Amino acid sequence: MQKQRSTSQWREMDAAHHLHPFTDTASLNQAGARVMTRGEGVYLWDSEGNKIMDGMAGLWCVNVGYGRKDFAEVARRQMEELPFYNTFFKTTHPAVIELSSLLSEVTPAGFDHVFYTNSGSESVDTMIRMVRRYWDVQGKPEKKTLIGRWNGYHGSTIGGASLGGMKYMHEQGDLPIPGMAHIEQPWWYKHGKDMTPDEFGLVAARWLEEKILEIGADKVAAFVGEPIQGAGGVIIPPATYWPEIERICRKHDVLLVADEVICGFGRTGEWFGHQQLGFQPDIFTTAKGLSSGYLPIGAVFVGKRVAEGLIAGGDFNHGFTYSGHPVCAAVAHANVVALRDEGIVRRVKEDIGPYMQQRWRETFSRFEHVDDVRGVGMIQAFTLVKNKATRELFPDFGEIGTLCRDIFFRNNLIMRACGDHIVSAPPLVMTRAEVDEMLALASRCLEEFEQALKARSLV
Ligand SMILES: Cc1ncc(COP(=O)(O)O)c(CNc2cccc(C(=O)O)c2)c1O
C-alpha cells in the first residue's frame, strides 16, 4: 500500500520531481495537482477524501471500470510465474499466445495477425512502419506518404504527432516529419455551412481524393483516421463519410487505416468503431480499452492483404522490448474476456449506450450556449457556442471549454474540454442510475457555467 502522506506533502514532492504530460509545469505547481488515490467502478477518490464521478474513464480507457481485483490476481500469478520474456529471438510465451488467439475471435474476419506495443502512439508508429514496408515489398517504395486529418490525434511520438493534426504539437519539435499530409476534419457544425450532414459527408470525404490527386496516388501509402475523432472533440462524421472514404481509397489503391485507440473495445457499441461507422480498414491500431488501462499495452491488427505482404517480405525490422509483455498480455486477456463474457460490449449496444444517448440529449439540449449535442454508444459530447441560431462559436476556441471543465472538476465530476467541445467517455459498465447521477450533476454545473458567462459579459 502507498505510504500515507498529507496532500500537501504529496503535492510538494510531485512539484519537486514530476514532469507531467501536456502540462505547463510552472502553473500546475502553483495550483498543485489533484492526488487521485483510489478507484472503484465509475468513481475515483482523491487524497482529500472527495468522491469523484469519472466521466472520462481515466483517459478514455478504463472500459471495465476501476477495482477489478480479479485482474490484480491475474497479474500477480503471471508475475510470479514469468514476469517478463521477450518475443524477439524465436521465443514466445503462453500469455501472448492466448491473448492473440482470443483477439482473433473478437476482431472482424480477416484480422488474424496482431503486433504488440506499449501504447497507442507506439501502435501508430508501428502502423506507419508497416504501411511503408508493405509498399516496399510490393515494389512501390515511392508510396510512402500518409494522410491524416487536421485536429486528428494519433499520439505523441514523432510519427504519431506528425500524422496527427494538432498544430500546437507540430510547433514543438519541428513536426510533421516528411511524408505526412493532412485534410480538413469532417466537422459539419463548423464546415457544413448550408449543406445537410449527408451532403457534407461526401464533400468532406472528397477532400481526400483532392489530396491524393495533388500528391499523386503513386506516392500515397495510406489514409489514417479515427472512426470518431476523440481528443479532437468527439467529431462524429456524417454517415456518408466513411463509405466514401473507403471507396476513394480502393479507387486509388491507398491503404485505409482506422485508429481505434479510443473507439476500440466497445466504446461505440460495437467491438470496433469502424464496424459502427460502416467501413473496412486494412489495418487498425488499438491500446486503451485493450487492457482498460490496468496495464500499458497496445496492439496493431493487420488485415489479410497487408499481413501477407509483410510476411512475404521476410524480416520486419521493428519491435519493442515489451512487445507482448506477459503480465500486460495476461491482464489484457482477462479484460477482453470480461468485455465479452460479462456482456459489457453488447450492453453498450443494446442498453446503456442508447440510454446514455437519450439522457445526454435530454439533459443538454435545453441550454442556451450548448449545441451539436451528439454521441453514440458511450462516447458523447456537446459544443459550447455563442449563438445556436447562427452556429456561431466563441472566439479563442478553448477558453470557454476550460472554464466549463473547471466548474465540473470543482464539483467532483470529470469531463474533458477539447477546445470548446465538452466530451465524456465513462466506463462502459456505468449503470443507468450512475448515468442519471452524472447528468444531474453536470446539469447543475452547466447552470453555474451559464451564470458565469453572463457575469463575465461573455454573452
Ligand atoms: C486515437 C488515438 N491514437 C493514439 C493515441 C496515443 O495513445 P497513447 O497516449 O497511449 O500513446 C491516442 C491517445 N489519446 C489520448 C492520450 C492522452 C490524452 C488524451 C486527451 O484526450 O487528452 C487522449 C488516441 O486517442
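Read the numbers this way: they start at 1 and go in the same order the structure lists the ligands and their atoms. Side chains included, hydrogens not; waters and symmetry mates left out as well; all remaining heavy atoms used. These numbers come from a predicted model, not from an experiment.
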Self-check item: atom 8 (P) of ligand 1 - nearest protein heavy atom and its distance
Solution: Gly120 N, 3.5 Å
Exercise. If you have a sec, work out which protein heavy atom is nearest atom 9 (O) of ligand 1 and how many Å separate them, to one decimal?
Key: Ser121 OG, 4.4 Å
Exercise. Pick out which of Phe279, Phe265, Phe272 makes a ring-ring contact (aromatic ring centres under 6.0 Å, His included) with Phe284.
Key: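 That would be Phe272; it is the only one of Phe279, Phe265, Phe272 passing the ring-ring contact (aromatic ring centres under 6.0 Å, His included) with Phe284.
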Closer than 4.0 Å to some heavy atom of [X] - which atoms of ligand 1 meet that?
{"X": "Asp259", "result": "1 (C), 2 (C), 3 (N), 4 (C)"}
{"X": "His154", "result": "3 (N), 4 (C)"}
{"X": "Ser119", "result": "10 (O), 11 (O)"}
{"X": "Ile262", "result": "25 (O)"}
{"X": "Glu226", "result": "1 (C)"}
{"X": "Gly155", "result": "4 (C), 5 (C), 6 (C)"}

Exercise. Quick one: do Met53 and Val42 satisfy side chain to side chain contact (heavy atoms under 4.5 Å, CB included)? Show the steps, please.
Key: CA-CA 6 Å; Met53 167 65 80; Val42 302; 3.9 Å; yes
Exercise. Please answer whether the main-chain N or O of Tyr116 pairs with a side-chain N or O of Ser323 as donor and acceptor at a distance below 3.5 Å.
Key: yes
Quiz item: In terms of side-chain geometry, is the basic nitrogen of Asp282 or Arg250 positioned less than 4.0 Å from the acidic oxygen of its partner?
Solution: yes
Quiz item: When you check the gap from the basic side-chain N to the acidic O, do Arg305 and Asp253 get nearer than 4.0 Å?
Solution: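 Counted as a salt bridge, because a side-chain N and a carboxylate O are separated by less than 4.0 Å.
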Practice problem: May I ask you to check whether Thr286 and Glu260 show a side-chain donor-acceptor distance below 3.5 Å? | Solution: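 The criterion, which ignores hydrogens and geometry beyond distance, is not satisfied for Glu260 and Thr286.
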Practice problem: Check the side chains of Asp54 and Tyr66 for a donor-acceptor pair under 3.5 angstrom, ignoring hydrogens and angles. | Solution: yes
Practice problem: Check each of Leu59, Thr117, Ile228 against atom 17 (C) of ligand 1 and report the one with the nearest heavy atom. | Solution: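 Among Leu59, Thr117, Ile228, the closest heavy atom to atom 17 (C) of ligand 1 comes from Leu59.
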Exercise. Would you mind finding which of Tyr153, Trp60, Phe22 brings a heavy atom closest to atom 1 (C) of ligand 1?
Key: Tyr153
Quiz item: Side chain, backbone, both or neither: which part of Lys288 comes within less than 4.0 Å of ligand 1 when only heavy atoms are counted?
Solution: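 The part of Lys288 near ligand 1 is the side chain, not the backbone.
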Quiz item: Does atom NE2 of His182 have more than 12 heavy-atom neighbours, drawn from other residues, nucleotides or ligands, at distances under 6.0 Å?
Solution: yes
Quiz item: Is the closest heavy-atom distance from Glu122 to ligand 1 below 4.0 Å?
Solution: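 Glu122 does not count as a contact of ligand 1 under the 4.0 Å cut-off.
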